[in-house]
Each structure stands twice: as C-alpha cells, then as structure tokens.
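All remarks here apply to the structure that follows.
In the text below, chain A, chain B and the rest are named by the order of the sequence lines, each starting its count at 1.
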Amino acid sequence: MGLITPIFLLGLLGIALPWWLHRLETQTTEREKFSTTRFLEASRRRIHVQKKLKYLLLMVLRMAFLALLAFAFARPVLFDEPDLAVNEDAIHHIIVMDTSFSMRTAGHLDIARQLASDILDDMSDDDIVSLYTASSNVQTISEATNDPDEIRALLDSIETDNGHLDLGIMVSSLNGMVEQNQARMTLHLISDFQQSGQAVRFADMIPDVINGRPLTLDVRQVELQELVNSTVEAVVTENRNTVIASIRTFGEPSTSLTRTATLTVNGVAMAEQDLAISGNGIVTVQFNNVVFEEGDNRVDVSLSPADSLPEDDIRHTVFDNSPPAPVLLLTDNPDSLGVTYLSAALETAPRGYEVEVVNVSDFDPRIMQRYPWLVIEDLGVINSGLESAVRDYINGGGSVFAGMGPRAAGLATVPVLGIPFAQPSTGPNGRPINLPITRIDNTHQALNDSGGWASVNARVFRPELEDEDRVLISQNAANPVLLERNIGAGRMLWLTTSLDNSTSDLPVKPVFVSFMSEVARYLSNEKLLVKEQLADSYLQLTQTGGASGQVVDPDGISLLSLQDTTSAQDVLLNKTGYYQVFTPAGEVLVAVNPDIRESDLTLMPAQALQNWQNIVAGTAPGEASIVSLAEDREAEPVEIEIWRVFLILLALMVLAESLLGNRYLNLKTGSL
Amino acid sequence: MASAAPKQNPMHLLHPSVLASLSNLELVAKGVVEGFVIGLHRSPKFGFSQEFVEYRAYGEGDDPRYIDWNVFARTGKTYIKRFLGETNSHLMIMLDSSASMGFGSQGVTKLQVGKYLGASLAYMSSRQHDAVGVMVFADEIKEYRPPASRSGSLQGVIHALDSAQPEQGTALNKPMARFQEHIKRRGLVAVISDFYCDTEELLENVRPLAMQGQDVILFHLLDPAEMNPDIKQSTLYEDMETGHAIEVSPVFMNREYKARIKTHIDAIEEAASGMNADHVLINTGEPLEKALHSYLTFREKRG
C-alpha cells in the first residue's frame, strides 16, 4: 500500500487532541452540605489535567477517526498486478475498424477485414489484440486476447452503419476504453480516411497517449485512389407543387457523367430527369406540377445509375401538405391595415394559415370554440359581453393573441385582464414617445427566432403588471411590449402596442412574419419536431408532444416497448429512410439521411497520413526507453485507490462515536 | 494452650462512633464515665467514694435525701452529710443545637457528640451530687432546665439533651441573658458549641458570666472535615444554617480554608483566655477522653 499525498499524514498529529482532551476534566460540581460557609471563598471553575485517562474506548474511537481522516486525505493506494500477464516484449495490437457510412463503398469493408486479418497474421505468440469499431462512436468488439482466431471470427460479423466518423472524436473515445496491461501498444487504424473525417484540430488526432501509456500508430488505408461520388444534397418543395433537388458531386470525373434523377412521392415515381455531371459541384433539378397528398408526404429523389457509393444516391424528405389552419381574427374594421399585416404574415408562414376576419359587431362568441387560438387586432374593440366570452374561452383552454391599438386608448383597464393602465412614457414636450426594444426573453418558445427586434420602435401602453404577468419583450423596466399570462387552462399573449402601423413599426419589419409564425405555432400547440434528421442522431420524443407514442423504423419495426411508449425520452435513428412517429395527435414522418460529409470520398493526403504517423512515433518512447518502461511498469503495478474504504470506515467511526458518546452522556445525566 | 485474648483499651468505648451505636443517652453517659474512670489512677481529689467528711447545715436546694435524720432526731436540726470529692457546686450545660451542629463526616454529628459530652458531664456531676442543669439553644432557647441535684434531675437533663435537634442558626445573646437572669449562684458553665460566631459576639455574651463569677468552659466541637478538609474536586458547599451555597476549589479548601479555620480557633481560644474561661477544642472524630480530662482538671483548678 502506498500514499499519493503523504503530506496529509501530518494530520495524524491531530490524534493528540482527543488524548489531551480526555486528560482534561471540567470539574463537575457536587453539592454538599457544610456547617458554615463563613470561611469559604467562591472559586472560579477550573480545568484540571488528570493523570488518568477517562472513557478510553471513546478516546480510541476519536483518535481512530482522526487517523482515518488523515489517511483518507493522503489517498492510500493498493498496488495490484494487472490481470493479463504478458511478456514485456509483447505488443498489444489495438485494431480499430472504420464502419462509417463511407465504408459502404464497394469492397471497402472486405479490404478492411483483410487488413485486420493481416495484422493478426503478423502477431507474435506473446502479442495480444483487441478489436474496436469506429463510426459516430467507438464500440468494443473484443477485449484484449492472445487468440487471433477469436478476433478473426469476429471480423466477419462487423458491418457498416450510417454514422459519420470523426477521427478526433474516435481517438479521444479510445481513451478509457483500452484495457490496461503491461504490453507496448500499437494502434492500427483501418479506414478510408476521408478528408472530411479529419478533426478540426489535428492535435486531437494524435493518440500518443492512451490512459497515460505510450503507443505507436499504424494507419492502414482501404482505398488509395480518389473516387468520384454524387449524392442528393437537399430536396426542397415550393408552392406545394414544385420539388427542387440539389445534386452534389465530389471528385473530378475524368469524363462527363450522365445521371438520372428520379422523384418518388409516397413510393410512386413521379418524374425523372437526366443531368450531366462534369465536375466537382452542385447541379439542381426541378420537378414541376407534382401532386402531393394531404398531410405528410414521403418525397425521395434518387440518382441512377449507381456510383461508387450507391447508398447515398437517394435522399429522403418529408413535405407537409396539410391545408392551412384556420385562424380567427377579431376586428372592428376588416379593411384596416392591422388586418392586412396580420393576414399576410400568417398566410405566408411555413405552416400556412387561413385567416378568417370577423367584425366584432357580427361576431357570435359561440364559434370561438372551433378555433384553438384567435387574434384580436385591438383589445379596445372588446365590449363587456365579448370580454366575458373571451375570458371563458381562455379559461377553457383557448389561446389569444392581441394588440392594443387606438381603441384601447380610452380605456381605464386592460380588457379581459382587468389591470389598470399607468401613465405612458413621455418625451420632453410631454407627448408619448416611441422607444426601441432592448430586452427579449429568448427562452420563450414564441421567441426562438428573435433576430430583428432591435430595429422595432413602438409607443406602448403601460399596464400595471401583476405577479402572473410574464414580460417577454420590453423597452425598459417600465415599458413592456409583449406579455403573457396564463388564465385557467389557456393563455393570453398580448402586445402593448398596435398591430397596425400607427403606434409601432413592428408590422412593417421583417421580424413580424417570423414572429407571427412562431406565435401561431406556440398558441396552436404545434409540434416542433424536425422532420429531417441525420443518421445516428437521436429523435427527441419530447418534441413530438410528449414522451408518449410509438416509433416505427424504416423496416417497419416498432422501436419502443409498451413501457417505453410512456417513458422513453429519445430514440436512436440508426437507419436511413422514414421513421413513423405515432403520437396522440397523429402520425408524424421523420426522414433520416446519412451525413453528407460521408459522401465526400476525398481522401486525406498521403503526406498528412505519414505526418500523422510520424508525429505519433515521435511522441512514443524509443526502443531503449520502451524496455526500461516495461521494467518500470513491472516495478509499478496498477494503483487502486482505496480512500473510499476509509470514508466508509470514517462513517462507521462517527456512528460508533455518537452512540458511545451519547451513552456516556446519558450515564452522566442520570447521575446528577 | 489457648492464648489469652489481647487486652483492649477501654478508652475505645469513648469513641463517638461507638457511642453512636447506643440509643440510650443515659447509658452512653454511664458508659463514658465508667470507662473513663476505669482508666484513672485513684486519687483523693478525683475520688467518688462515699467517705464522710463533715456535716453541714441544710440549705435550700440541697437534696433532702442527704439529711442525716439521726442527727435531726437527736438535735432537732437538719444537717446533711458531706463526702470526699463533693464540692457542693452546680453545673450548667449549654448545648448549641444550631443547624451547623448537625454536620458530621465520621458517621456522628457534632450535635451527637455534644449530647454525649453533655450527658457524660451531667452524669459525672450527678455522681458528685452537684446540681446539674441544661440549656439547649440555637438562635432561640429550645430547652431549659435549671440546675438541680434532686433525684431524677439527671434523667431530666439527659432527656433534654436527647431531644435536641439541629435547627436554625447560632445566637449566644439570648441564652446568656436568660442564664444571667435565673442563675445567680456561682457554678460551672459548660458551653458546648462549634462557635461559628464572631469573636466579639462571644466575648460580649460570655464575659458577663465570668464577671458574675461563673466558671466557664468552652467545649469547641469541630468535625475532622472542618479542621482538615480533603476534597479532590470542586465542590458546591451549602451552608447548613443559611442555605447559601458557594463553590470552592480543592486548592482553596486544602490551603486557605485551613488557615482561616485555625485563625478562628485561635481567636476563640484567645477570647476565652481573655475572660478567664477555658477553651477545649474537641475533634469529634476522637474519643471524649480529652474532654472529660479537661473538665476534671478544670474542676480541680476551680475547687
């Protein structure tokens, strides 16, 4: 056993403290009758040093407690011999095989298996080997073993996946995964070594030390020639009938290539287009007059004939062709500028909304229940009867977005909310002034895209806020611009300025469109699910409206058990294609595609690979030092810290000391 | 051959702890005196024989039992016989029964020792046909019996002594004033107390007795724990008379207190000497021999 920080053993001096304390006796006064006190004189309480120690067991416990504390801080370690006894001349071969998406390139995986097999063939009898795969993450296939045949058998079971390999992440992941032993280490990396797989910092790729152990790097590349590869980089749907696909080619083809792009919607081939590819770059293909079904559509654009990496010749996307959602807009003037601005913003939102403008004079409050949310252009137009109906609507779970225009100017309190107005901010001439926006609560869902608010100037009403009012946007501490209040089961979001161009320039600012889109999505409780994901990423089920529902992968397999349908927080999307997410609100499609960087088969320059190995070799110890290192390692077996054991003993000591001390205390109390 | 049993010093019978085992105070007194007398050499001065010495005219207060009725028959006058060792005196025992007298560390309190001493003195005087009286006092007079040599007066004195209980404080003025009021004859006054009072107060109250011609002997009773305390730890002492409590340290008790109590004893002794009284310091942990010796010596001196 040894100590990492023996300086803390000075704390052992502390055990003298209980020894000294147990020699001290605070005089316990005993009351006795005496004939007379006329000759006596009161004395001060004194502490005497006893020759005899009292409460020996308690003292021993306390001394042991302090001693254990000092030892715990000194971090005691046990030296243990490594489990796997190996010869000091043996080498630990760490084989890491790239299984990322790019390794699906024809023949690459077989070559990788052969390269690994070659390493196994070259092993000496004393060598040991362990096997890992690397893609988005590093997985252990086999711990260290001296049986190459065992590893050879495992090689055949290795398959490629859809992940992206980052060499920097791979190297850092190996730290902590590699088993400790006394052998020298050689890291064999078998990969296509795409240029896109390089770490941002080259230093991250230097595996000179794994778990503090020196090693050498052996880079084995499965492909030495640059391959040309084309892929569908993006697919965009416009105007509900046009599909535009971006075709990207990596590498310089020796001759012009002709590829055919095919549009498939919901499994039905809709159109084909030929395109000529002559060099590195992007070519777009447009498919017009495409007819989509209502709801989510599976839109695939594929390329043919197959190239070097055929798996990336298809791109999956989802187009939501749901009809525009109806939105009720209450106003006293359907022809006002505010109505125009609001309608334009909502109808051009990505989701698409159909604004139904209703004059409050013709409004039947009963129809409010048909809408999940509604817009009130100016809260001032709400009369008392309608105010009560709106309040009931919100209490019942509805949501309202409202502005405060000129009609609200004559009111004493804010309609629906009932809070009074304060004096507005005025300028030197005593007139209300416009002020810029200075504070935005970016954490609110309706303000995720908050850029552009700084340019908005507005003259605002100043309501006297209550505790339940949440200020989302303000000009200063006294001038809120956007507020939210939860009322019953619903909520109300309101601007303290107008939605026309009279007291605010917000409606004519670009931010207004995105803001109304976010507001609409927030108030209608639409899901924030991203319908396009990368392979090997995680689908956050909370974005689908709560951790309830089922996820079916592209092969039609349900991923969640019955219990997980109510508790799972995320699902790994390890396949490409369409995942069906079933939620209480309905079915949602999620398209999964491989990382576009995997399609770039451009290789790391040979010189870079050589430099990489040289740098690693430069950091490894020389031959002589390796031998001495091996000897050192024999002299320095693995350290196992045991301070936790001391902490457990400390806890037991404290418990025993408390019980024993309490017992003495009780005895003393009883004797008085 | 059986060895002879070791001869035991009869003085051990006078040890207070032995006497405490006897419940009958008269028996205690008898035992003390008999045991004490056994240890004495015969002396005409201290004899208690019934040897006739002379006749004396009968006077008021004389025990009528000693009237020689033969002489009366012949002469028609009353004469009483006088014997050797008889001094025709009286003894007044004044026993302090204040609360402080209730202190005792040896299994016997100062008051008990005082009772033994008083009873022994009374018994001894009674055998010499002296009139014996008793006054038990604390800060008030608790019991008073004037000196008498009548038959049964001894039992009365002993009963008065026996019924004394430690209570209240010490005040010498009232018993002394009462004594001066009622006792005009010259005699012996034995004051048995721990004398926890001011020296001035003692002088003020006892001096008039001496001036009156009384022969005063002060039996100063102190417990061994009062004279030589030996405590190991700080102790809270509660005054038995006042209830006032003081916490004292062993250091003080073992040094300073001893000096103070010695000064007090010396002061009492000096005061007694100043008024021609005897002062006998009695350690209640020791036999009563010393006290009885002092008494007889005192009697001899005073004739």
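Heavy-atom neighbours of A:Phe73 CZ from other residues, nucleotides or ligands within 6.0 Å: at or below the threshold of 12.
Side-chain atoms of B:Phe103 and A:Lys33, non-hydrogen and from C-beta on, never get closer than 4.5 Å to each other.
With sequence neighbours left out, B:Phe219 forms a ring-ring contact (aromatic ring centres under 6.0 Å, His included) with no residue at all.
Applying side chain to side chain contact (heavy atoms under 4.5 Å, CB included) to A:Glu41 and the options B:Glu256, B:Arg260, B:Met253 leaves one that passes, B:Arg260.
For B:Ala245, the part lying near chain A is the side chain, with the backbone staying farther off; criterion is any non-hydrogen pair under 4.5 Å. Only the side chain of B:Phe252 comes within contact range of chain A, judged by heavy atoms closer than 4.5 Å.
Classification of the A:Phe34-B:Tyr237 ring pair by plane angle, with boundaries at 30° and 60°, yields tilted.
Judged by distance alone, with hydrogens and angles left aside, the side-chain atoms of B:Asp239 form a donor-acceptor pair with the main-chain N or O of A:Thr37 at under 3.5 Å.
Contact count against chain A (heavy-atom pairs under 4.5 Å) is highest for B:Met240 among B:Met240, B:His244, B:His264, B:Glu241.
Heavy-atom minimum distance, A:Leu40 versus B:Ile246: O-CD1, 4.3 Å. Contact detail for B:Lys110 and A:Ser35: the closest heavy-atom pair is NZ-CB, 3.7 Å.
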